[in-house]
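Note that the structure is predicted; figures quoted are calculated from it, not measured.
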Amino acid sequence: MQEMILPLKRYAQFEGRANRREYWMFQLFLLLAATAVGVIALTVALVAGLVLEADSSWMAGITIGALALVGLLWLATIVPLVAVTVRRLHDCGQSGWLYLLALVPGGGLVILIFALLPGTPQDNPYGPVPAGP
């Protein structure tokens with residue numbers, strides 16, 4: 001759990017390196033958080049629909065609320081996500097500016113490949129080897 005929230009503690013730290021474990025544990029954290037928001041919204045929708053016999057305006061409100069929660073989650077985690085990805089690119093010996101490829105169609109695949117590759121085993125211009133796998 002500690003490694004899942006480490007990028008939140010290093011919120012806007014774009015310097016240094018992040019190992020694969022830190023990067024992928026944060027991705028897992030984001031997946032679990034989005035899933036939890038979805039399950040809560042679905043539970044509220046089912047309770048409102050079955051128990052309270054709510055009409056379609058209630059369901060629309062619940063849907064908008066769930067989307068707003070997902071939007072707030074995204075806004076709260078976009079900076080740490082970019083920061084940990086930049087640090088992951090640094091671990092592979094690449095510039096953090098390479099992250100701009102994510103804005104180009106198919107560029108996210110390049111970012112994914114670098115996220116899967118092991119980091120450089122020695123110190124590089126971006127810092128010492130991070131602890132962990």
Report task. Scan for salt bridge (Lys or Arg N to Asp or Glu O under 4.0 Å) pairs involving residues 24-35, sequence neighbours excluded, and state none if there are none. Result -> none
Requested in this report: Say whether, by atom type as modelled, one donor and one acceptor occur between the side chain of Arg20 and the main chain of Ala115 under 3.5 angstrom.
Outcome: no
**Report entry** Pairing residues for Gln27 by the side chain to side chain donor-acceptor pair (under 3.5 Å) criterion, not counting sequence neighbours
**Finding:** Tyr23
Requested in this report: Quick one: list whatever passes side chain to side chain donor-acceptor pair (under 3.5 Å) with Thr120, sequence neighbours left out.
Outcome: Arg17, Asn124
Query raised in the report: Can you find a pair of side-chain heavy atoms, one from Glu22 and one from Pro7, that are under 4.5 Å apart?
Result: yes
Query raised in the report: Hey, what do you get for CH2 (Trp24) to CZ (Arg88), rounding to the nearest 0.5 Å?
Result: 9.0 Å
Query - Shared hydrophobic cluster, Ile111 / Leu28 (ILVMFWY, side-chain heavy atoms < 4.5 Å) - result: yes
Requested in this report: Determine whether Leu6 and Leu30 fall in the same hydrophobic cluster, where Ile, Leu, Val, Met, Phe, Trp and Tyr are linked whenever their side-chain heavy atoms lie under 4.5 Å apart.
Outcome: no
Under 3.5 Å, side-chain donor or acceptor atoms of residues 101-109 against the rest of the protein: list the pairs with distances, not counting sequence neighbours.
none

**Report entry** Heavy-atom closest contact (Pro118 atom, Cys92 atom, distance)
**Finding:** O-SG, 4.2 Å
**Report entry** Listed once per pair and sorted, the ring pair (Phe, Tyr, Trp, His ring centres under 6.0 Å) pairs that draw on residues 87-127, sequence neighbours left out
**Finding:** His90-Tyr126
Return all side-chain donor-acceptor pairs below 3.5 angstrom for residues 31-43, not counting sequence neighbours, or 'none' if the list is empty.
unit_1	atom_1	unit_2	atom_2	d
Thr35	OG1	Leu31	O	2.7
Thr43	OG1	Val39	O	2.8

Check residues 67-85 and write down every donor-acceptor pair under 3.5 Å in which the side-chain atom is one partner and the other belongs to a residue at least two apart or another chain.
unit_1	atom_1	unit_2	atom_2	d
Thr77	OG1	Leu73	O	2.8
Thr85	OG1	Leu81	O	2.7

Requested in this report: Apply side-chain contact (heavy atoms from CB on, under 4.5 Å) to Gln13 and list each qualifying residue two or more places apart in sequence or on a separate chain.
Outcome: Arg10, Glu15, Arg87
